[in-house]
Amino acid sequence: MVSSAGNRAAPIGIFDSGLGGLTVAHAIMRQLPAESLVYFGDTARVPYGPKSPDTVRRYSHEIAAYLLEQGVKAIVVACNTATAHALPMLERELDVPVIGVVEPGARAAVRASRSGRIGVIATAGTIKSGAYVRAIHAEAPDARVTARACPLFVPLVEEGWINHDATWSVAQEYLAPFVHDEVDTLVLGCTHYPLLKPLIGEIIGRDVRLIDSAEETALDTQRMLAEHSLAATSGEGTYRFVASDDQQQFLALGQRFFGDTIERVEIRTFG
Ligand code: DGL
């Protein structure tokens with residue numbers, strides 16, 4: 001694999017199963033304006049949530065190889081499911097620093113919780129992997145963690161049903177165990193869930209802290225670049241967006257997650 005390890009001016013590679021990771025990309029752009037980014041969204045193969053760990057690892061390996069070909073100096077895995085299944089493999093395989101979204105989210109949750117009762121919602125794959133529960137217990141061994149997969153949230157958000165009756169009833173069903181267990185902090189362990197913050201907050205109670213790992217991951221990225229002497233030193237970053245399917249869908253839906261207009265999308269397909 002070609003790499004730009006050690007080159008401060010090289011871009012950071014970020015990938016997600018689709019568009020949701022744009023929330024992480026946006027947080028990095030805001031916090032680290034001098035950094036250039038190459039964002040890859042695997043829109044042809046989304047969702048990763050219901051797929052097997054081996055499949056998600058294979059996809060992650062292909063995308064990381066592609067990002068290294070683009071000359072990235074570090075990789076941020078913005079997808080919770082890919083972080084849960086593939087982060088240790090990528091850390092072993094790659095000669096550039098790699099960070100995921102699970103540890104930053106878990107750490108922020110432990111810091112926010114007063115009672116030690118922490119909830120986690122995520123895709124089926126992320127919950128089955130146990131990655132969040134392990135990461136929370138690594139920080140706070142006595143924490144009582146309630147974890148539940150909420151697979152219907154991803155298609156509802158992609159449909160734009162952020163405040164739809166159907167989403168309300170699905171959310172009431174999914175969130176009942178967290179109300180019952182009186183969690184005081186809930187980790188939104190999936191790229192799509194931050195868009196449901198108002199609805200989730202209303203159902204679970206406004207005093208429950210909702211943790212979205214995007215900002216925390218951006219902070220970790222900053223720390224990681226500094227530790228490896230890789231931080232860009234001057235100028236303004238440039239951004240590339242790459243998808244594995246249909247530009248139009250990326251342009252139309254991307255803004256929902258990104259918060260800003262995306263003008264150009266490149267296409268790179270696999271397999
Ligand atoms: N990006 C995924 C995650 O954060 C959600 C969408 C999917 O299932 O691929 O887990």
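As the structure lists them, so they are numbered: ligands from 1, and atoms in each ligand from 1. Source: prediction; values computed, not measured. Hydrogens, waters and symmetry mates are skipped; everything else that's a heavy atom, side chains included, is used.
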Protein contact to atom 6 (C) of ligand 1 [nearest heavy atom, distance to 0.1 Å]: S17 OG, 3.6 Å
Counting only nitrogen or oxygen atoms and a 3.5 angstrom limit, does N80 reach ligand 1? yes
Please classify the T81 to ligand 1 contact at 4.0 Å (heavy-atom distances, strictly less than): side chain, backbone, both or neither. both
Within the 4.0 Å heavy-atom cut-off, what T123 brings close to ligand 1 is side chain
Would you mind telling me which of T123, D42, T126, T81 makes a side chain to side chain donor-acceptor pair (under 3.5 Å) with Y48? D42
Would you call R111-E139 a salt bridge at under 4.0 Å N-O? no
Which option out of Y48, Y59, F15 puts a heavy atom nearest to atom 7 (C) of ligand 1? Y48
Where on D16 is there a heavy atom closer than 4.0 Å to ligand 1, on the side chain, on the backbone, on both, or on neither? side chain
Can you sort out which atoms of ligand 1 are near G49, meaning under 4.0 Å from one of its heavy atoms? 7 (C), 8 (O), 9 (O)
Ring-face cation contact, F258 with R256, 6.0 Å cut, 45° max: no
Which word best sums up how the rings of F241 and Y239 line up, parallel for under 30°, tilted for 30 to 60°, or perpendicular for over 60°? tilted
Check this for me - ligand 1, C190, N or O atoms closer than 3.5 angstrom, yes or no? no
Which atoms of ligand 1 are found less than 4.0 Å from any heavy atom of V46? 9 (O)
Could you give the distance from CG (D220) to CD (Q222), rounded to the nearest 0.5 Å? 10.0 Å
Quick check: does T191 get an N/O under 3.5 Å from an N/O on ligand 1? yes
Does E173 CD have over 12 foreign heavy atoms under 6.0 Å away? no
Between L90 and S60 the two heavy atoms that sit nearest each other are CD2-O, 4.0 Å
